[in-house]
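Notes follow once the structure below has been shown.
The sequence lines fix the lettering, A, B, ..., with proteins before strands; numbering per chain opens at 1. These numbers were taken from a predicted model, which means no experiment stands behind them.
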2 protein chains.
Amino acid sequence: MASIRDVARQAEVAIGTVSRVLNGGSHVTDLTRQRVQKAIKELGYKPNPAARALRSNRTHLIALTLPELTNPFYAAIVEGVRQVFEPADFRLVLCSPNSSNNAVPQYIDMLANRYIDGLIVVFDRFSAADNNSIALFRLGRKGFPIVALGPGVASDKPDFDCITSQVPEGLKEAMQHLVEMGHREIAYFGPLKGVVEARLQAYRTALARHKIKIADSLIFRGETTLESGFSRAEELFQRQRRPTAIVAVNDMVAIGAMMALQEHGVSIPEEMSIVGIDDIPLASMVHPTLTTVFQPKEAMGRLAAERLLGRIEKRINSFSAIALSSQLIVRESTGPAPNFRPTTNGQPSAASAQNETMGKRRTLKVEEAAFKDQGNCIQRQRAD
Amino acid sequence: MASIRDVARQAEVAIGTVSRVLNGGSHVTDLTRQRVQKAIKELGYKPNPAARALRSNRTHLIALTLPELTNPFYAAIVEGVRQVFEPADFRLVLCSPNSSNNAVPQYIDMLANRYIDGLIVVFDRFSAADNNSIALFRLGRKGFPIVALGPGVASDKPDFDCITSQVPEGLKEAMQHLVEMGHREIAYFGPLKGVVEARLQAYRTALARHKIKIADSLIFRGETTLESGFSRAEELFQRQRRPTAIVAVNDMVAIGAMMALQEHGVSIPEEMSIVGIDDIPLASMVHPTLTTVFQPKEAMGRLAAERLLGRIEKRINSFSAIALSSQLIVRESTGPAPNFRPTTNGQPSAASAQNETMGKRRTLKVEEAAFKDQGNCIQRQRAD
DNA sequence: GTGAAAGCGCTAACAG
DNA sequence: CTGTTAGCGCTTTCAC
């Protein structure tokens with residue numbers, strides 16, 4: 001394997017000169033540069049990353065920890081992150097959860113021990129008491145470049161950037177949408193704890209706001225997977241009385257629920273409305289297409305990556321909590337509650353139509369493209 | 001950040017001694033070792049991986065490239081790989097496909113340039129003409145530790161290990177299963193090219209073997225995703241005449257198809273039988289549970305990892321093509337073809353029963369546990 | 001069993 | 001603008 005020394009010899013220059021063309025490239029004659037580049041090409045020379053890392057304390061590796069691999073939501077975030085780091089010549093290390101469902105500790109270790117230059121942590125749970133969070137805070141305080149992706153960071157004086165989207169606000173819209181269509185028994189499918197707790201909270205708040213009693217029996221504790229959505233929906237069939245709508249913690253759960261319902265012959269949205277969160281690609285491909293709270297996934301990934309890169313390159317030295325906007329996309333999986341007759345203001349609205357004619361291919365649909373990859377954000381910044 | 005020098009000073013020994021306890025630990029007095037370990041703990045010393053890598057030409061990083069992130073099949077492979085490399089103190093770099101759907105080139109580069117010690121490539125397509133394959137073969141020939149995971153490696157004199165499972169054999173069983181239950185119009189959903197081509201081929205061969213005409217109109221070209229399965233199944237409804245069974249390139253496609261069919265009120269398996277491949281967790285959770293060709297996913301991951309580790313540690317220096325066994329798991333999604341009356345040998349068999357009573361909760365179900373994580377394999381080895 | 005010292009390949013500071 | 005040189009932190013001889 002050719003080293004910088006070989007290149008220098010071949011080009012008949014000093015190794016320092018080779019290093020100079022390799023990096024910035026400043027202060028080198030065009031002629032010399034060409035000679036060096038020729039030699040590099042001839043020898044197929046590639047700088048040794050270990051030597052570089054040792055000397056410069058930069059590995060050009062950044063890690064991204066994900067709570068799970070199989071949810072397309074995360075795939076979109078990865079794509080956003082890549083868009084920023086690939087051009088910057090950083091390699092991306094994806095960290096999946098290990099068997100005990102925890103990706104973070106190993107990679108905290110990697111960061112602390114100079115394997116990687118920076119870390120983007122996508123949270124599924126976050127509490128100040130959590131060991132990982134504590135380790136992370138400590139590293140952040142020490143100045144390691146870290147960006148957290150996901151809601152619920154408990155501190156307003158964070159030691160790293162926190163990127164979120166305003167899902168609770170979107171969810172509020174979704175609840176409003178359901179209530180306006182006559183739904184009063186609205187179930188929630190999802191975890192009771194962790195980063196998504198705010199969603200459950202938004203669900204509760206919205207019910208209270210509309211003076212609807214919050215029934216514990218309508219809160220179905222589950223995971224964030226298709227499987228979980230499926231089995232929670234199955235449980236509905238063991239009850240005498242079913243809700244008329246389901247709000248799911250994410251699209252995967254929503255689609256899982258749809259599958260179970262359709263298998264039982266329940267028609268959506270005529271007999272049951274369903275709302276998801278995320279707007280994964282699948283959401284607009286299933287039938288009926290899924291009403292969901294859009295999250296700007298790629299934009300979140302890009303933003304996280306840009307902040308992280310800024311910290312690594314020491315361009316950025318303040319911490320921000322940034323919330324990208326999130327919004328309801330009404331598709332076909334939501335419709336008026338069974339037997340609903342609008343009692344409100346003159347406007348007859350779609351909701352007053354017969355159930356049968358509703359649901360499929362409705363026109364309320366919000367233009368989706370408008371939301372894709374936008375960067376609208378609310379920012380709470382704090383100087384360093 | 002404490003260095004080995006600091007440790008040596010604190011423990012009042014030479015640098016070399018510290019290094020010795022750090023590594024093998026041989027030829028050190030117990031007393032000295034304790035002194036050193038005490039110092040290491042006190043200083044919170046961690047060896048600098050870059051320096052280590054520079055000196056020893058080992059990064060203790062291995063990469064795993066995946067064609068896609070969201071298929072649980074790959075998650076299971078990752079888990080298997082992790083089980084081997086985590087105890088060996090290697091860090092695992094997961095490589096997702098980039099936008100152009102190709103994970104390999106970047107990581108070939110990482111291997112060639114000493115970022116990583118070894119590479120496991122999970123293929124979705126493989127042809128000798130492919131640039132990636134060529135680069136990979138070249139690296140393999142040069143002695144870089146590489147293991148390919150996936151069928152279809154074209155050479156019988158490979159330059160790296162190839163781990164496969166015998167899906168075509170399992171698929172043959174599946175086809176037999178369908179034909180025995182009277183199915184004659186069996187559709188195939190999946191890509192026409194790439195690593196999964198062998199599955200389409202097995203489908204064709206099986207049809208030929210049972211003297212069933214191969215109709216191009218029954219071969220539905222698609223991807224390997226839930227979405228693809230969904231939309232191919234939708235296409236069925238534009239036809240006057242539908243097949244009675246579908247064989248899908250994997251479980252995701254099969255489940256996607258199930259979703260579309262159920263949405264249209266087609267009952268499974270009474271009106272349509274469906275077979276998948278992989279046996280992902282979801283396969284046994286959907287209703288009806290999915291008949292599928294089991295692949296020993298974790299075992300494949302473990303085996304690939306063990307072979308790779310062996311090469312890295314120079315314990316292994318031969319190349320093998322190893323095929324783990326794969327087998328049909330009959331669940332609820334397959335049943336007799338509509339109007340099927342068995343004409344064969346006396347045995348009345350489940351198939352002769354009325355359709356209505358069939359399908360749900362059938363008893364043909366093969367014990368699944370027996371297949372989990374087994375290591376049965378057919379091995380074709382070649383000395384180095 | 002332990003210490004001393006060479007150098008892995010590179011960057012950056014300094015001299016010319 | 002280019003050459004020389006001193007390490008970065010570690011492993012690994014080679015003496016003792």
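Relative to the side chain of B:Y45, the nucleotides D:dT2, D:dC10, C:dT11 differ in distance, and D:dC10 lies closest. In this structure, of D:dT2, C:dC10, C:dT11, it is D:dT2 that holds the atom nearest to the side chain of A:T29. Closest to the side chain of A:A14, from the set C:dC10, D:dG3, C:dT2, is D:dG3. Residue A:L22 places its side chain closer to C:dT11 than to any other of D:dG3, D:dT12, C:dT11.
Outside the 6.0 Å centre-distance limit, the rings of B:F160 and B:F144 are not counted as a close aromatic pair.
Here the straight-line distance linking atom CG of B:D30 with atom CD of B:Q37 works out to 9.0 Å at 0.5 Å rounding. Annotation: the span from A:Q10 atom CD to A:L43 atom CG amounts to 4.5 Å, rounded to 0.5 Å.
For the pair A:R9 CZ and D:dG3 P, the interatomic distance rounds to 14 Å; values are reported in whole Å. As rounded to whole Å, 11 Å separates atom C1' of D:dT12 from atom CD1 of B:I4. The separation between B:R114 atom CZ and C:dG9 atom P is 8 Å, rounded to whole Å. Look at CD on B:Q34: it is 15 Å from P on C:dG1, rounded to the nearest Å. C:dA12 atom C1' lies 13 Å from atom CZ of A:R52, rounded to whole Å. Rounded to an integer number of Å, the gap from CD1 of A:I15 to C1' of D:dG7 is 12 Å. The NE2-P distance, from A:H27 to C:dA13, rounds to 12 Å in whole Å. Whole-Å rounding puts the A:R58 CZ to D:dC8 P distance at 18 Å.
A donor atom on one side chain and an acceptor atom on the other are not found under 3.5 Å apart for A:R52 and A:N57.
Two residues, B:E12 and A:A50, neighbour DNA chain C, and the one matched to the more 5' nucleotide by heavy-atom proximity is B:E12. Comparing B:A51 and B:G16, the nucleotide of DNA chain C nearest to each residue sits closer to the 5' end for B:G16.
Contacts of B:N23 with the nucleic acid, taken as non-hydrogen atoms under 4.0 Å apart, involve only primed sugar atoms and P, OP1 or OP2. Across all strands, B:V13 comes closer than 4.0 Å only to sugar-phosphate atoms, never to a base (heavy-atom distances). Contact annotation for A:S56: no contact, since no heavy-atom pair falls under 4.0 Å across all strands.
Residue-to-nucleotide contacts include no donor-acceptor pair under 3.5 Å from the side chain of B:R55 to the base of D:dG9. Contact annotation: side chain of B:R20 to base of C:dG3, donor-acceptor pair present below 3.5 Å.
Taking the ring centre of B:Y115 as origin, the terminal cationic atom of A:R91 falls inside the region bounded by 6.0 Å and 45° from the ring axis.
In terms of phosphate contacts, B:T32 brings a side-chain nitrogen or oxygen within less than 4.0 Å of OP1 or OP2 of C:dT2. Using a 4.0 Å cut-off, no side-chain N or O of A:S19 falls inside it from OP1 or OP2 of C:dC10.
Under the 4.0 Å criterion applied to side-chain N and carboxylate O atoms, A:R302 and A:E298 are assigned as salt-bridge partners.
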